[in-house]
Amino acid sequence: MSDKRPKVEFVDNPNPIAKKIRVEQGRDPKTLIQKADQAVRKLGGEFEEIFQQNVAEISKSMSELKKGGDGQSAALIEMRKTLHDLRGQAGTFGYPLVSHVGDSACKFIDHSETVSANEIEVLNMHVDALKAISAAKIKGDGGDVGKELMNGLRKVIVKYNAANST
Amino acid sequence: MKTYNFEAIRILVVEDNRFMRTILVNVLWGLDVREVAEAKNGIDAIEELRGGQVDLVVMDWEMDEMNGMELLKTIRSGKRNINPLLPVIVVSANTIARNIIQARDTGMTEFLAKPVSANAIYSRMAAIVENPRRFVRTESYFGPDRRRRYDSAYGGPKRRADDVEDDDRGAVGRA
């Protein structure tokens with residue numbers, strides 16, 4: 001009888017990195033982690049500048065999207081890239097609300113098959129939210145204002161989905 | 001949690017966004033990693049990896065020129081004189097399940113969601129040291145064993161479609 005089972009081979013992992021890393025007895029890892037957090041916090045000022053630039057770039061892409069025509073596709077790609085970078089960085093510097101808004105916008109773009117007035121309206125709400133957070137420098141989850149912003153975006157997306165479901 | 005000394009390892013950070021690269025490098029320096037190499041895409045990373053002096057790769061998944069998936073495939077292929085067993089931490093802001101499964105099925109070692117924190121990076125590095133997984137080669141996959149937990153005491157029926165892999169693992173374990 002022939003054995004039709006797929007061939008599977010297992011390779012032992014020599015894990016050479018473990019031989020180069022030693023355990024430091026008597027030292028709390030929190031100390032090391034706090035030191036690394038501190039090294040990142042030093043970049044906070046630069047992030048503030050990048051955040052402002054990103055919001056300006058996203059607003060510019062939004063204007064291109066509204067114009068329509070041949071430049072729309074490139075503007076959407078550019079906007080998604082900036083939003084993606086922003087969602088990946090903002091939370092590290094105390095702006096989780098920016099990460100949430102950016103994440104919502106990226107997911108909306110990823111799931112949208114067309115760019116019509118309806119999609120532009122939803123994206124525009126996200127851009128306005130980012131502008132508001134940037135202008136007011138809303139850190140953390142934004143408290144009640146942050147909740148209101150995110151609920152507003154969720155409602156707009158739910159409404160969009162309902163209108164676009166067959 | 002143990003405190004590890006990372007001074008002797010060399011890490012390659014692959015990230016197309018300059019500022020994000022700076023964040024990752026600063027975290028690693030803060031964790032006392034002395035040697036951190038940088039690459040802005042998969043193509044540059046391959047050049048760096050061919051030297052063979054890298055112990056761990058921390059890579060972004062979405063990159064313009066040669067993305068994370070292509071780079072990880074190249075690493076796991078063992079071609080271009082790159083160690084296919086290198087531990088790879090995939091970092092991504094895109095945390096939808098499809099993305100994570102794609103990275104897992106391409107052979108990542110650990111996944112790290114952005115925004116990153118020093119604690120999250122440290123815990124992924126500690127996991128690589130503490131829980132090394134053996135590698136699996138099938139017709140369609142080469143990479144760390146995707147099943148992180150294996151209960152050798154389980155003696156019940158095996159109903160999963162890929163349980164043949166499990167059977168083979170048992171056979172290898174007994175050998």
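Labels below follow one simple rule: chain letters A, B, ... track the order of the sequence lines, proteins then strands, and each chain is numbered from 1.
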At a heavy-atom separation under 4.5 Å, does A:Asp28 approach chain B through its side chain, its backbone, both, or neither?
backbone
Starting from the C-alpha separation in whole Å, work towards a yes-or-no answer on side chain to side chain contact (heavy atoms under 4.5 Å, CB included) for A:Gln89 and B:Asn17.
CA-CA 10 Å; A:Gln89 296 166 7; B:Asn17 182 282; 2.9 Å; yes
Portion of B:Tyr122 that has a non-hydrogen atom of chain A nearer than 4.5 angstrom:
side chain
Please look at B:Ile96 and chain A and tell me whether the side chain, the backbone, both or neither of the residue comes under 4.5 angstrom of a heavy atom of that chain.
side chain
For B:Phe142, is it the side chain, the backbone, both or neither that has a heavy atom under 4.5 Å from a heavy atom of chain A?
side chain
Output, in order, the C-alpha distance, side-chain angles, deciding distance and verdict of side chain to side chain contact (heavy atoms under 4.5 Å, CB included) for B:Thr3 and A:Val23.
CA-CA 6 Å; B:Thr3 303; A:Val23 177; 5.8 Å; no
For residues A:Gly88 and B:Ala93, report the shortest heavy-atom separation together with the two atoms involved.
CA-CB, 3.9 Å
Looking at A:Lys155, I want to see if its NZ is surrounded by more than 12 non-hydrogen atoms of other residues, nucleotides or ligands under 6.0 Å.
no
Decide yes or no on salt bridge (charged side-chain N to carboxylate O under 4.0 Å, His left out) for A:Asp12 and B:Arg133, but give the supporting numbers first.
CA-CA 8 Å; A:Asp12 280 338; B:Arg133 283 176 287 149; over 6 Å; no
So does A:Lys35 have more than 12 non-hydrogen atoms from other groups sitting under 6.0 Å from NZ?
yes
Between B:Thr22, B:Asn94, B:Leu86, B:Leu24, the one whose heavy-atom pairs under 4.5 Å with chain A are most numerous:
B:Asn94
Supply the atom-to-atom distance A:Leu32 CG to B:Met1 CE, rounded to the nearest 0.5 angstrom.
9.5 Å
Nearest heavy-atom neighbours spanning B:Pro115 and A:Arg87
CG-O, 3.8 Å
Evaluate the side chain to side chain contact (heavy atoms under 4.5 Å, CB included) criterion for residues B:Lys2 and A:Arg27: first the C-alpha distance (whole Å), next the side-chain angles of each, then the deciding distance (0.1 Å), finally the verdict.
CA-CA 8 Å; B:Lys2 290 174 184 168; A:Arg27 189 180 178 192; over 6 Å; no
Step by step, work out the side chain to side chain contact (heavy atoms under 4.5 Å, CB included) result for A:Ile21 and B:Asn5.
CA-CA 6 Å; A:Ile21 295 169; B:Asn5 184 309; 5.7 Å; no
Enclosure of A:Glu46 CD (heavy-atom neighbours >12, cutoff 6.0 Å)
yes
I'd like to know whether NZ of B:Lys40 has more than 12 heavy-atom contacts from other residues, nucleotides or ligands below 6.0 angstrom.
no
Are A:Glu9 and B:Arg134 within salt-bridge range, i.e. N to O under 4.0 Å?
no
Side-chain heavy atoms nearer than 4.5 Å, only ILVMFWY residues, links allowed to pass through others: does that put B:Ile128 and B:Phe135 together?
no
If you count heavy-atom pairs under 4.5 Å with chain A, which of B:Val27, B:Val25, B:Asp60 comes out on top?
B:Val27
Would you compute the distance between atom CG of A:Asn13 and atom CG of B:Asp145 and round it to the nearest 0.5 angstrom?
11.0 Å
Could you check whether any side-chain heavy atom of B:Arg18 comes within less than 4.5 Å of a side-chain heavy atom of A:Ile50, counting everything from C-beta outward?
yes
In terms of heavy-atom proximity below 4.5 Å to chain A, should B:Arg10 be classed as side chain, backbone, both, or neither?
neither
Applying a strict 4.5 Å limit to non-hydrogen atoms, the region of A:Lys42 in contact with chain B is neither
What part of B:Asn83 is in contact with chain A, defined as an atom under 4.5 angstrom from a non-hydrogen atom: side chain, backbone, both or neither?
neither
Looking at every heavy atom in both B:Ala8 and A:Lys20, which two are closest together, and how far apart are they?
CB-O, 3.5 Å
Where B:Ile23 and A:Leu43 come nearest, the two heavy atoms and their spacing:
CA-CD1, 3.9 Å
Less than 4.5 Å to any heavy atom of chain B: does that hold for the side chain of A:Lys30, its backbone, both, or neither?
neither
Taken to the nearest 0.5 Å, the spacing of B:Leu31 CG from A:Asp37 CG works out to 8.5 Å
Counting only heavy atoms closer than 4.5 Å, note whether A:Asn15 contacts chain B via side chain, backbone, both or neither.
side chain
Who among B:Leu85, B:Asp16, B:Asp32, B:Leu28 has the most heavy-atom pairs with chain A under 4.5 Å?
B:Asp32
Would you please indicate yes or no on a ring centroid separation below 6.0 angstrom for B:Phe19 and A:Phe93?
yes
Chain A: which of B:Met125, B:Glu62, B:Glu7 shares the most heavy-atom pairs with it under 4.5 Å?
B:Glu62
Return yes when atom NZ of B:Lys73 has more than 12 non-hydrogen atoms of other residues, nucleotides or ligands closer than 6.0 Å, and no otherwise.
no
Under 6.0 Å from the CD atom of B:Gln53, do we count more than 12 heavy atoms belonging to anything else shown?
no
More than 12 heavy atoms of other groups within 6.0 Å of A:Asp70 CG:
no
Which portion of B:Asn119 sits near chain A, non-hydrogen atoms under 4.5 angstrom
both
Under a single-linkage definition using a 4.5 Å side-chain heavy-atom cutoff for Ile, Leu, Val, Met, Phe, Trp and Tyr, are B:Val54 and A:Ile17 assigned to the same hydrophobic cluster?
no
For the pair A:Thr92 (side chain) and B:Val116 (backbone), establish whether a donor and an acceptor sit closer than 3.5 Å, ignoring hydrogens and angles.
yes
Taking only Lys NZ, Arg NE, NH1 and NH2, and the carboxylate oxygens of Asp or Glu, determine whether A:Asp110 and B:Arg98 approach each other closer than 4.0 Å.
no
